[in-house]
Amino acid sequence: MLEAAQPRHVVVIGASLAGIRTVQGLRSLGFDGRLTLIGAESELPYDRPPLSKQLLAGEWSPDAVDGIRLGTRTELDAQDVALRLGVAAVGLDTDSRQVHLADGTAMSYDVLVVATGAAARPSPWRPVSGVFQLRTLADARALTGRLALGEPVVIVGGGFIGTEVAAAAIGRGCPVTVVDPLPEPMARLVGPEIAGSLVELHRRHGVQTRFGTGVVAIKGRAGALTVELDSGERLIASTAVVGIGSVPATDWLEGSGIELDNGVITDGFLRAVGVQDVYAIGDVARWPHMGRGTEVRAEHWTNAGDQARHVASAIAKGVEEVYQPSDYVWSDQYDWKVNAVGWRDPAGRSIVVGDLEADGRAAVIHADAQGITCGAVTVNWVRALNQARRQLPSGPSAESVADTVRQLL
Ligand SMILES: Cc1cc2nc3c(=O)[nH]c(=O)nc-3n(C[C@H](O)[C@H](O)[C@H](O)COP(=O)(O)OP(=O)(O)OC[C@H]3O[C@@H](n4cnc5c(N)ncnc54)[C@H](O)[C@@H]3O)c2cc1C
């Protein structure tokens, strides 16, 4: 544990989940110095998970988005947070402790928090029009308009975003095909034990899949697209959605002295490596995960909030502690609630409890190479998830966790 005095001016770059939770956390912990939150988007900070769920599904109007705001201007004013929206950071000089902004101004800091998250990995296919991606509220608004047409949609990428968009598009009456070069893309989301059931769920709802084949080209324009696959097949679509991962927003940090490699590299305290008084948190940060013994860039909601609170506490109290992640993730797919905690060790094994087809719920408990529980995935079974989650820190065997979960059946 290291102790330091409170800094005078904390500048947070990135006004989304990690950024706003940092300033809120600082004030709630009694930080009374100057606080500035700077964001490239003109929108007030908002939550992204509902973009691929309630918004695309048409349950919430994309114009009435108060429900997804993470804070209002009035609240931030009351907390004496200087909010600057619609202006991106374009450079960082760590010697003079200044952030350079797109409007030509510079902002001095005592402590800088980098919370610039990630952007959708750009589509390599650029027809005249008709290709959509989903990262921002503006993306969700544009895509919601396309799905409302009820016309055929091809989704490239069977990850969390692609599968959630598929479920929403089906709900809007669009014929949907999901393409992914991996033979079993959904195994990345829920593991091979239940991936087949998830694929079946999508098929039951009418989703077509083309797995194990990649996209060669997307040609045409919105309303009349041809998606060419490397199998030789051509899919006709009105809209294509490309969900092929994300890239951390670190361009503006090039040449700053901060170590960058698929994100901002941090130490275990979430301090950027290579410079003084700079933290990195949320989707942009790559930090040493003590449990996994490797560096991780988590792209999950819970991690962004947890890291923000962690860094806020370090700054406000002047006490540095090693970040301990909760490793919790969720996804909604139709009426399925998928929850995961911890991780899967490729050298370990997994135990399935329950029968998804028969009971509509199941849990998969992951063991590491020594047989110790390192994670769990549950479908429609939050009690099982909580049971596993409670036991994880004490390091029980996967068999004993599976036994306690079985008792819930
Ligand atoms: C559609 C969608 C659905 C999701 N669903 C789930 C889910 O169900 N469960 C789950 O666990 N996670 C989900 N996530 C992931 C979760 O939303 C992210 O982990 C979380 O938003 C990360 O927060 P962040 O603040 O680190 O980054 P971001 O939310 O990416 O925010 C970064 C902000 O920084 C801004 N910025 C970037 N560069 C600059 C710059 N140079 N200067 C100033 N500002 C800049 C960006 O404009 C952005 O507003 C979802 C994500 C998306 C996109």
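Numbering of ligands and ligand atoms starts at 1, following listing order. Excluded from the calculations below are hydrogen atoms, water molecules and symmetry mates; all remaining heavy atoms, backbone and side chain alike, are included. Residue numbers run from 1 in the order of the sequence given.
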A.B. asks: Counting heavy atoms not belonging to Glu200, are there more than 12 under 6.0 Å from its CD?
C.D. replies: yes
A.B. asks: Does any N or O of ligand 1 fall below 3.5 Å from an N or O anywhere on Ala18, backbone included?
C.D. replies: yes
A.B. asks: Applying a 4.0 Å heavy-atom criterion (strictly less than), which segment of Ala118 is in contact with ligand 1: side chain, backbone, both, or neither?
C.D. replies: backbone
A.B. asks: Using a 4.0 Å heavy-atom threshold (strictly under), name the region of Val284 that reaches ligand 1: side chain, backbone, both or neither.
C.D. replies: neither
A.B. asks: What is the closest protein heavy atom to atom 16 (C) of ligand 1, and at what distance does it sit?
C.D. replies: Trp301 N, 3.9 Å
A.B. asks: Compute the shortest N/O to N/O distance between Trp330 and ligand 1 and return yes if it is under 3.5 Å, no if not.
C.D. replies: yes
A.B. asks: List ligand 1 atoms under 4.0 Å from Ser16, heavy atoms only on the residue side.
C.D. replies: 25 (O), 28 (P), 29 (O), 31 (O), 32 (C), 33 (C), 49 (O)
A.B. asks: Is the shortest N/O to N/O distance between Val87 and ligand 1 below 3.5 Å?
C.D. replies: no
A.B. asks: Between Thr302 and ligand 1, does any nitrogen or oxygen pair lie at a separation below 3.5 Å?
C.D. replies: no
A.B. asks: Give the atom numbers and elements of ligand 1 that come within less than 4.0 Å of a heavy atom of Gly282.
C.D. replies: 26 (O)
A.B. asks: Using a heavy-atom cut-off of under 4.0 Å, does the side chain or the backbone of Arg48 touch ligand 1, or both, or neither?
C.D. replies: both
A.B. asks: For Glu299, take its heavy atoms, then give the atoms of ligand 1 lying under 4.0 Å from any of them.
C.D. replies: 15 (C), 19 (O)
A.B. asks: Among all protein non-hydrogen atoms, which one is nearest to atom 18 (C) of ligand 1, and what is the separation to 0.1 Å?
C.D. replies: Asp283 OD2, 3.5 Å
A.B. asks: Answer yes or no for Arg146 and Phe132: cation-pi contact, defined as NZ/CZ to six-membered ring centre under 6.0 Å and angle to ring axis within 45°.
C.D. replies: no
A.B. asks: Under the ring-ring contact (aromatic ring centres under 6.0 Å, His included) rule, what pairs show up with a residue in residues 190-219, not counting sequence neighbours?
C.D. replies: His202-Tyr334, His205-Tyr334
A.B. asks: Between Arg48 and Glu41 (salt bridge meaning N to carboxylate O under 4.0 Å), is one present in this structure?
C.D. replies: yes
A.B. asks: Using non-hydrogen atoms of the residue, decide whether Lys53 is closer than 4.0 angstrom to ligand 1.
C.D. replies: yes
A.B. asks: Counting each atom of ligand 1 from 1 as listed, which ones have a heavy atom of Ile161 under 4.0 Å away?
C.D. replies: 1 (C), 2 (C), 3 (C), 52 (C)
A.B. asks: What atoms of ligand 1 come closer than 4.0 angstrom to any heavy atom of Trp252?
C.D. replies: 41 (N)
A.B. asks: State whether Glu193 and Arg344 are salt-bridged, where the test is any N-O pair (Lys NZ or Arg NE/NH1/NH2 against Asp/Glu carboxylate O) under 4.0 Å.
C.D. replies: yes
A.B. asks: Numbering the atoms of ligand 1 from 1, which are under 4.0 Å from a heavy atom of Ala88?
C.D. replies: 42 (N), 43 (C)
A.B. asks: Mind checking whether Ser52 has an N or O less than 3.5 Å away from an N or O of ligand 1?
C.D. replies: no
A.B. asks: Flag Ala89 as yes when one of its N or O atoms lies below 3.5 Å from any N or O atom of ligand 1, and as no otherwise.
C.D. replies: yes
A.B. asks: Going by the side-chain contact (heavy atoms from CB on, under 4.5 Å) test, name the single residue among Leu92, Ile258, Val10, Val12 that passes it with Leu112.
C.D. replies: Leu92
A.B. asks: Is ligand 1 under 4.0 Å from a heavy atom in the side chain of Ile13, in the backbone, in both, or in neither?
C.D. replies: side chain
A.B. asks: May I ask you to identify, for Ala115, whether its side chain, its backbone, both or neither come under 4.0 Å of ligand 1 on a heavy-atom basis?
C.D. replies: backbone
A.B. asks: Are side-chain N/O atoms of Thr373 and Gln391 paired as donor and acceptor at under 3.5 Å?
C.D. replies: no
A.B. asks: Once side-chain contact (heavy atoms from CB on, under 4.5 Å) is applied, do any residues pair with Ala308, and if so which ones, sequence neighbours excluded?
C.D. replies: Arg21, Thr22, Ile281
A.B. asks: Can you tell which part of Ala304 has a heavy atom less than 4.0 Å from ligand 1: side chain, backbone, both or neither?
C.D. replies: side chain
A.B. asks: Looking at Lys53 and Glu59, is any side-chain nitrogen of the basic one under 4.0 Å from a carboxylate oxygen of the acidic one?
C.D. replies: no
A.B. asks: Counting only heavy atoms closer than 4.0 Å, does ligand 1 sit against the backbone of Phe160, its side chain, both, or neither?
C.D. replies: neither
A.B. asks: May I ask you to identify the nearest protein heavy atom to atom 44 (N) of ligand 1, giving residue, atom name and distance to one decimal place in Å?
C.D. replies: Ala40 N, 3.0 Å
A.B. asks: Between Arg271 and Asp267, does any side-chain N to carboxylate O distance fall below 4.0 Å?
C.D. replies: yes
A.B. asks: Under the criterion side-chain contact (heavy atoms from CB on, under 4.5 Å), which of Val23, Ile13, Val311 is the partner of Val113?
C.D. replies: Val311
A.B. asks: Can Asp180 and Arg188 be counted as an ion pair, charged N to O under 4.0 angstrom?
C.D. replies: yes
